[in-house]
Amino acid sequence: MKEVSSASHIYGIGMVEMEAFTTFQQWQEGPFEMKPMGDRAFAEGMNRVVVHGSTHNPEGTGNPGIVYHAGTHYNDKRVWWKKIRPFNEYLARVSYVLQEADFKADVLYYYGDTIPNYGGHKRSRFNPGEGYDFELVNTEILLGLEVKNGKIVNPRNKAEFSVLALTKEYEINPQVLVKLEQMAKSGAIITGSKPNRIAPERNMKDLPKMNGWLNSIWKPYSKQTFKPGSGAIYYGASVAEILQELKISHDFDYLDKGFYTLDYTHYQKDGLDFYFVVNTTNEWLSRDLTFRQEGKTPELWNPENGSISTIPVFENTSDGIQLPLSLAPYESIFVVFKHGDKQAHFTKIARDGIHPPRLRYGEYGVELWEEGEFDFVQKDKTSRMLNHGNLKTIAGAWEVYFPEGWGAPEKAIFPELKSWTESEIEGVKYFSGTARYEKNFIHEMHASEFPEARVYLDLGDLSHVAEVWLNEQPLGITWAKPYRFDVSDALKPGINTLKIEVANTWSNRLTGDAATGANFTKTHVEATVIKGIPKLRVPWKDAPLIPSGIFGPVTLKTVLPIVAPK
């Protein structure tokens, strides 16, 4: 993907379409399972999602219907299709920013012209070092590069780079060698292994004699001999070492960045800097992040719901702007820097430990999701605050309603929340579709003495997509962790009514039909790949059941937002 997006960037095309979410896991995944693949592609430059595929099914073809043998089967036969709009909007928001803004990187990587050549994905065949990014360039664009004030400039898209890195090649194109020699003399910083020889060229009359050039131009790197603008190409050093020697700090930095638990990409437009930050793990992460920005104000742009929040905790350091950020499993967010008035803010949240506490930024201030004592630093003033919250589990049995005609009873009582696949009722165990959970619960008349408190409904864990109503008020659709809603304005003292519709996938019903001889589904696909074993296709009767429904715990969490004093 890095190679494709680079091609679009270096030629000034701007659009990076990619086939998306192709899989052989027939009807097994939901949007949350698809998200990590999409975010990785976004972080490598994709900005238009071309979903593979959306098969037309004429009336009477049954469910899940006719499909191509590969793909995510993205059509109106999907169980969760009626609730897919928020996921589509997520993809659209990220795509829009990356289409409208310009990619920023410190390093330009020339991957040679040996055939066949292949750029690979991010951090595979070439890695500029953690906290830095690169653009990949071919021979045609390389020959047209310019050098201005020590920066390497692509005139096609005006992109600037600090370092040109060369791939390791046995022999070098003589035209490329002439260009590199000119660029080095003009002040470009170039690094890469010295080729063994100059490739023979049939027509050399337009090229200078280059005997001895390889030995005269390539110089071993050391801090003592490294002299920007000296006309040399340096070998024997990593790109990151050279960037550090040039006093170019990491564009994106955090304490344990060497593990690459966070991915990122950086775009810029009209004075705005957009950092798309991705949690690549299935765990909550809290980190102090440093962005190479100066004199700007940070905001949080959430592509899942379109909200924009100020970030009231940040500090200007010698390496950039540092701020704490917490991300849910596989969550992604835009951290945006803009010029403008500086709002009142804290510079740091301190506590015992390596990383900051789990926190969220919102309309009402900073919400801490951990209890304890924390130091809020504002310039030279430190305020110690005791953070506490209130957690209430919505316990007890649930009524679960199933649609008619799919083998499940009209209503079942779940004494506790658990996967449908654990049911002893065959129609529930193999159910594929949308079921509705209903429950009444009592909220205390005086649940809190804090007028600033915010109350969140958290569904715990579920599979795969849920739509929620509280007291007949629609809260929306949730498809990614945390499955959470702000219910401060919908919750009322006394009896509250909670309704949750949950949609899973077709996989369990297909397995059930194959195992029991039932005939609720109709498709020509007789086998599937299962998660964890990508090269083995199994018949539906052997496909493991996928946990479905709401697993909980369903809770009400009350938090007290903290606002920076003016």
task: Would you please test L289 and L262 for side-chain contact (heavy atoms from CB on, under 4.5 Å) and show each step?
output: CA-CA 10 Å; L289 306 179; L262 298 175; 3.7 Å; yes
- prompt: Is it true that atom NZ of K348 has more than 12 heavy atoms of other residues, nucleotides or ligands lying nearer than 6.0 Å?
  reply: no
Evaluation steps, side-chain contact (heavy atoms from CB on, under 4.5 Å), between F161 and K151: CA-CA 6 Å; F161 305 89; K151 295 287 188 179; over 6 Å; no
field: Spacing of OG1 belonging to T265 relative to CG belonging to D39, to within rounding of 0.5 Å
entry: 12.0 Å
message: If we count only N and O atoms by modelled type, under 3.5 Å, do the side chains of Y260 and N127 hold a donor and an acceptor together?
response: yes
- request: For the pair D106 and D133, evaluate side-chain contact (heavy atoms from CB on, under 4.5 Å) and give the outcome as yes or no after the intermediate values.
  value: CA-CA 6 Å; D106 294 299; D133 208 344; over 6 Å; no
message: Under a 3.5 Å cutoff, is there a donor and acceptor pairing between the side chains of Q268 and D273?
response: yes
- prompt: Is NZ or CZ of R360 both nearer than 6.0 Å to the six-membered ring centre of W369 and within 45° of the ring axis?
  reply: no
- prompt: Could you walk me through whether F103 and H266 pass the side-chain contact (heavy atoms from CB on, under 4.5 Å) check?
  reply: CA-CA 6 Å; F103 175 68; H266 179 189; 5.9 Å; no
query: Quick check: does any side chain N or O of E130 sit under 3.5 Å from a backbone N or O of D256, one acting as donor and the other as acceptor?
result: no
field: Donor-acceptor contact present, side-chain R351 to main-chain F374, <3.5 Å
entry: no
- request: Using only heavy-atom distances, determine whether the side chains of N157 and H9 contain a donor-acceptor pair under 3.5 Å.
  value: no
task: Just grab all the salt bridge (charged side-chain N to carboxylate O under 4.0 Å, His left out) pairs involving residues 44-57, residues at least two apart or on different chains.
output: E17-R48, R40-E44
Chi angles and distances behind the ring pair (Phe, Tyr, Trp, His ring centres under 6.0 Å) call for Y132, H250: CA-CA 6 Å; Y132 298 107; H250 298 96; 4.9 Å; yes
message: Nearest 0.5 Å, please: how far is CG in L246 from OG in S162?
response: 7.0 Å
query: For E283, does the CD atom have more than 12 heavy-atom neighbours from other residues, nucleotides or ligands under 6.0 Å away?
result: no
query: If you measure only the distance, is there a donor-acceptor pair under 3.5 Å linking the side chains of Y361 and E367?
result: no
- prompt: Just wondering, more than 12 heavy atoms not from R156 lying within 6.0 Å of its CZ?
  reply: yes
message: Can a side-chain donor-acceptor contact be found between N305 and S307 if the only test is distance below 3.5 angstrom?
response: yes
field: Between W81 and Y74, ring centroids under 6.0 Å
entry: yes
field: Pair listing, salt bridge (charged side-chain N to carboxylate O under 4.0 Å, His left out) test, anchored in residues 162-178, at least two apart
entry: E171-R197
task: Could you go through the side-chain hydrogen bond (donor to acceptor under 3.5 Å, both in side chains) check for D486 and Y364 one step at a time?
output: CA-CA 12 Å; D486 185 338; Y364 302 96; 5.7 Å; no
task: Mind running ring pair (Phe, Tyr, Trp, His ring centres under 6.0 Å) on F24 and H69 for me, showing each step along the way?
output: CA-CA 7 Å; F24 290 91; H69 72 111; 5.5 Å; yes
query: Side chains of Y11 and N154: do they bring a donor and an acceptor to under 3.5 Å?
result: no
query: Does the S286 side chain pair with the main chain of S326, one donor and one acceptor, at a distance under 3.5 Å?
result: no
Student check: side-chain heavy atoms of T191 and L166 closer than 4.5 Å: no
- prompt: Does Y96 OH have over 12 foreign heavy atoms under 6.0 Å away?
  reply: no
message: Using a 3.5 Å distance criterion without hydrogens, assess whether the side chain of T505 forms a donor-acceptor pair with backbone atoms of W27.
response: yes
- request: List the steps, then state whether ring pair (Phe, Tyr, Trp, His ring centres under 6.0 Å) holds for Y234 with W218.
  value: CA-CA 6 Å; Y234 292 93; W218 267 263; over 10 Å; no
Test item: T72 and H52 side chains (from C-beta on) under 4.5 Å apart, heavy atoms: no
Side-chain donor or acceptor of Q99 paired with backbone N/O of N47 under 3.5 Å: yes
Approximate separation, where rounding is to 0.5 Å, of Y254 OH and F259 CZ: 9.5 Å
query: With distance as the sole test, does E146 use its side chain to make a donor-acceptor pair with the main-chain N or O of M183 at under 3.5 Å?
result: no
query: Regarding E299 and T310, is there a side-chain donor-to-acceptor distance under 3.5 Å anywhere?
result: no
query: Is it true that a side-chain atom of Y221 and a backbone atom of I242 form a donor plus acceptor pair closer than 3.5 Å?
result: no
Heavy atoms from other residues, nucleotides or ligands near CG of N282 exceed 12 (cutoff 6.0 Å): yes
field: From CA spacing to verdict: salt bridge (Lys or Arg N to Asp or Glu O under 4.0 Å), K481, E331
entry: CA-CA 7 Å; K481 295 179 181 179; E331 186 179 8; over 6 Å; no
task: Look at the side chain of S6 and the backbone N and O of L136, then say whether any donor-acceptor pair between them is shorter than 3.5 Å.
output: yes
field: Inter-residue atom distance K223.NZ - Q244.CD, 0.5 Å rounding
entry: 9.0 Å
task: Determine whether more than 12 heavy atoms belonging to other residues, nucleotides or ligands lie under 6.0 Å from atom CD of E294.
output: no
query: For the ring-ring contact (aromatic ring centres under 6.0 Å, His included) test, which of Y275, F334, F276 pairs with F291?
result: Y275
task: Please determine, by modelled atom types, if S222 and T225 share a side-chain donor-acceptor pair under 3.5 angstrom.
output: yes
query: Could K2 and Y109 be counted as a cation-pi pair, given that NZ or CZ must be under 6.0 Å from the ring centre and within 45° of the axis?
result: no
query: Got a donor-acceptor contact below 3.5 angstrom from the S8 side chain to the S5 backbone?
result: no
- prompt: Looking just at side-chain N and O atoms, do Q378 and T347 make a donor-acceptor pair shorter than 3.5 Å?
  reply: no
Donor-acceptor contact below 3.5 Å, side chain E241 vs main chain S238: yes
- request: Walk me through it: do F314 and H345 pass the test ring pair (Phe, Tyr, Trp, His ring centres under 6.0 Å)?
  value: CA-CA 7 Å; F314 65 93; H345 67 279; 3.8 Å; yes
statement: Taken to the nearest 0.5 Å, the spacing of R537 CZ from Q26 CD works out to 7.0 Å
- prompt: Can E467 and K83 be counted as an ion pair, charged N to O under 4.0 angstrom?
  reply: yes
task: Compare every heavy atom of G295 with every heavy atom of H339, then report the nearest pair and how far apart it is.
output: ND1-O, 4.0 Å
query: Atom CD in E3, atom OG in S124: separation rounded to 0.5 Å?
result: 9.5 Å
task: Would you kindly check if the NZ (Lys) or CZ (Arg) of K194 is within the cone defined by 45 degrees around the ring axis of Y170 and under 6.0 Å from the six-membered ring centre?
output: no
- prompt: Any side-chain donor paired with an acceptor under 3.5 Å for T290 and D319?
  reply: no
